[in-house]
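Working notes, structure below.
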Amino acid sequence: MAKATRDAYGEELRELVTQNDKIVVLDADLAGSTRSEWAGKAAPDRFFDMGIAEADMIGVSAGLAASGYIPFASSFAMFATGRTWEQIRNSVAYPHLNVKVVGSHSGIAVGEDGVTHQAIEDMAIMRDITGLAVYVPCDQYETKAVIDYVAGNADPCYVRLGRSAVEDVYPDKNIDVTKIHVLRKGEKVALIACGLEVQQSLEAAKLLEEKGINATVVDVCAIKPCDEEGIVKVLEDHDAIFTVEEHSITGGLGSLVCEIAAERCPKKICRIGMTGFGESADWKTLLHYYELDGEGIAKRVCEKLGK
């Protein structure tokens, strides 16, 4: 079944807000798009539309967290991270307040809205904030597992979600989101992916198999703190490592894996992702243009391997 991770977020938050009266929901005039309005309809007394004032939304969230509530603050990823970096750093992460920042419409898959709305640096700037966890679920069930997990702990975090419907990878939400998951076991070649690039990497693996390349596909949902031991094991077991992300190759998943490799298991790693700003088009056209769909990933792997 195809469902957008933002839709899964709205569904799960709607359930949680009826079960836990400490959960409050904030949005910045985009509740219909982020799907936080679904929780707002379920518990209107604990829903706050802050208007186009994202920094204020984070400040209020910090105050609510300091008062014992569990705020989920949502907006488009570009605005939830770009306009609020200082507030997240100083008002949330530094005092370690229990605020959940949720960025919908991330990456180039936001599509026609173009470069001003295509957050391809959000993982990098959030990952660099001390004490802030970062999660990038790949499908509806992993999203629901992430939302359940973060609602149940007191750590501030950033959750990166998408606009477009993506196929299911997991059968249900019984997933340990703190660990990597090997979705396809291959030999020598490993594709380490996050978000919607997990599905694209699985498609790439099918195409590579036709060329005699049996690739492992790994889902990394927890970017920070990450499952370092799991990633090291993948590095040890494979000769050719490719990271795949719908994000700049600087500071995101590719950088994370390179950092671990540098300290624990030196390997040559090819980072597949964005190297510049995107353009405006429908999301599938953009993934194909930037060689981030299954066909493009398979092509990049073959080129690197000389196949």
Side-chain angles (χ1 to χ4, degrees), residues 3-65 67 69-84 87-88 91-92 97-107 109-111 113 117 119 122 126 132-137 139-153 155-166 173 177 195-196:
K3 180 177 288 188
T5 51
R6 62 170 172 151
D7 290 340
Y9 167 60
E11 292 173 354
E12 200 67 10
L13 191 59
R14 179 176 56 199
E15 292 297 315
L16 291 174
V17 80
T18 61
Q19 299 167 11
N20 187 343
D21 61 9
K22 290 297 183 182
I23 293 178
V24 292
V25 181
L26 299 88
D27 208 292
D29 200 42
L30 289 168
S33 296
T34 66
R35 305 306 196 227
S36 69
E37 71 171 7
W38 297 354
K41 291 176 180 178
D45 59 323
R46 283 179 281 128
F47 175 78
F48 306 94
D49 192 330
M50 306 303 294
I52 307 174
E54 293 83 1
D56 184 43
M57 176 178 70
I58 297 301
V60 171
S61 296
L64 287 166
S67 301
Y69 289 95
I70 307 169
F72 279 79
S74 309
S75 185
F76 285 8
M78 176 60 73
F79 312 134
T81 62
R83 289 183 176 175
T84 63
Q87 286 73 29
I88 294 173
S91 298
V92 173
L97 292 174
N98 189 12
V99 176
K100 320 303 181 183
V101 181
V102 181
S104 177
H105 292 61
S106 64
V110 71
D113 288 347
H117 286 57
D122 54 317
M126 292 293 100
L132 188 77
V134 178
Y135 301 95
V136 187
D139 73 355
Q140 63 165 317
Y141 294 115
E142 193 165 49
T143 299
K144 291 181 177 184
V146 166
I147 299 306
D148 286 350
Y149 177 75
V150 301
N153 67 52
D155 296 326
C157 70
Y158 172 59
V159 181
R160 186 184 207 242
L161 303 177
R163 172 187 187 180
S164 305
V166 290
K173 66 176 184 177
V177 298
L196 63 77

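The structure presented is a predicted model; accordingly, all values stated were derived computationally and were not measured.
Here the closest heavy-atom approach between residue A42 and residue R14 is recorded as CB-CG, 3.9 Å. Across every non-hydrogen atom of C157 and Y135, the tightest pair is CB-CE1, 4.1 Å. The shortest non-hydrogen separation linking S61 to V99 is O-CG2, 3.6 Å. The two residues Y158 and G103 have their closest heavy-atom pair at CE1-N, 3.6 Å. Closest approach of D139 to E142, counting heavy atoms only: OD1-N, 2.8 Å. Looking at every heavy atom in both residues, V92 comes nearest to A62 through CG2-CB, 4.3 Å.
Side-chain N or O atoms of D27 include none that pairs as donor or acceptor with a backbone N or O of D49 at under 3.5 Å. Using a distance-only test at 3.5 Å, with no hydrogens or angles considered, a donor-acceptor pair links the side chain of K100 to the main chain of D155. Looking at R160, its side chain never comes within 3.5 Å of a backbone N or O of V134 through a donor-acceptor pair. With hydrogens and angles ignored, the 3.5 Å screen pairs a side-chain donor or acceptor of R163 with a backbone N or O of V110. Looking only at distances, no side-chain donor or acceptor of S104 sits under 3.5 Å from a matching main-chain atom of L161.
Taking the side chain as every heavy atom from C-beta outward, V60 and M57 never approach each other to under 4.5 Å. Between V24 and K22 there is no side-chain heavy-atom pair separated by less than 4.5 Å. Residues I23 and L13 have side chains in contact (heavy-atom distance under 4.5 Å, counting atoms from C-beta outward). Residues L196 and S164 have side chains not in contact (no heavy-atom distance under 4.5 Å, counting atoms from C-beta outward). No side-chain heavy atom of S91 sits less than 4.5 Å from a side-chain heavy atom of L97.
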Exercise. Taking it one step at a time, do Q140 and D7 satisfy side-chain contact (heavy atoms from CB on, under 4.5 Å)?
Worked result: CA-CA 8 Å; Q140 63 165 317; D7 290 340; over 6 Å; no
Exercise. What's the verdict on side-chain contact (heavy atoms from CB on, under 4.5 Å) for I52 and E54, showing C-alpha distance, side-chain angles and the deciding distance?
Worked result: CA-CA 6 Å; I52 307 174; E54 293 83 1; 4.2 Å; yes
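To the nearest 0.5 Å, the span separating CE on M50 from CG on D56 amounts to 4.5 Å. Rounding to the nearest 0.5 angstrom, the gap separating the NE2 atom in H105 from the OG1 atom in T5 is 10.0 Å. Separating the NZ atom in K41 from the CZ atom in F47 is a distance of 10.0 Å, to the nearest 0.5 Å. Here the CZ atom belonging to R35 is positioned 16.0 Å from the CD atom belonging to E12, to the nearest 0.5 angstrom. With rounding to the nearest 0.5 angstrom, the OG1 atom of T34 is 10.5 Å from the CG atom of D29. To the nearest 0.5 Å, atoms CD1 (I147) and CD (E11) are separated by 12.0 Å.
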Atom pairs and distances, donor-acceptor, side-chain atoms in residues 70-82, under 3.5 Å, two or more places apart:
unit_1	atom_1	unit_2	atom_2	d
S74	OG	Y9	OH	2.6
T81	OG1	A77	O	2.7

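A cation-pi arrangement is absent between K173 and Y141 under the rule of less than 6.0 angstrom and at most 45 degrees off the ring axis.
Scored by the side chain to side chain donor-acceptor pair (under 3.5 Å) test, R6 finds no partners at all (sequence neighbours excluded).
For the pair K144 and E15, the salt-bridge criterion is not met [side-chain N within less than 4.0 Å of a carboxylate O].
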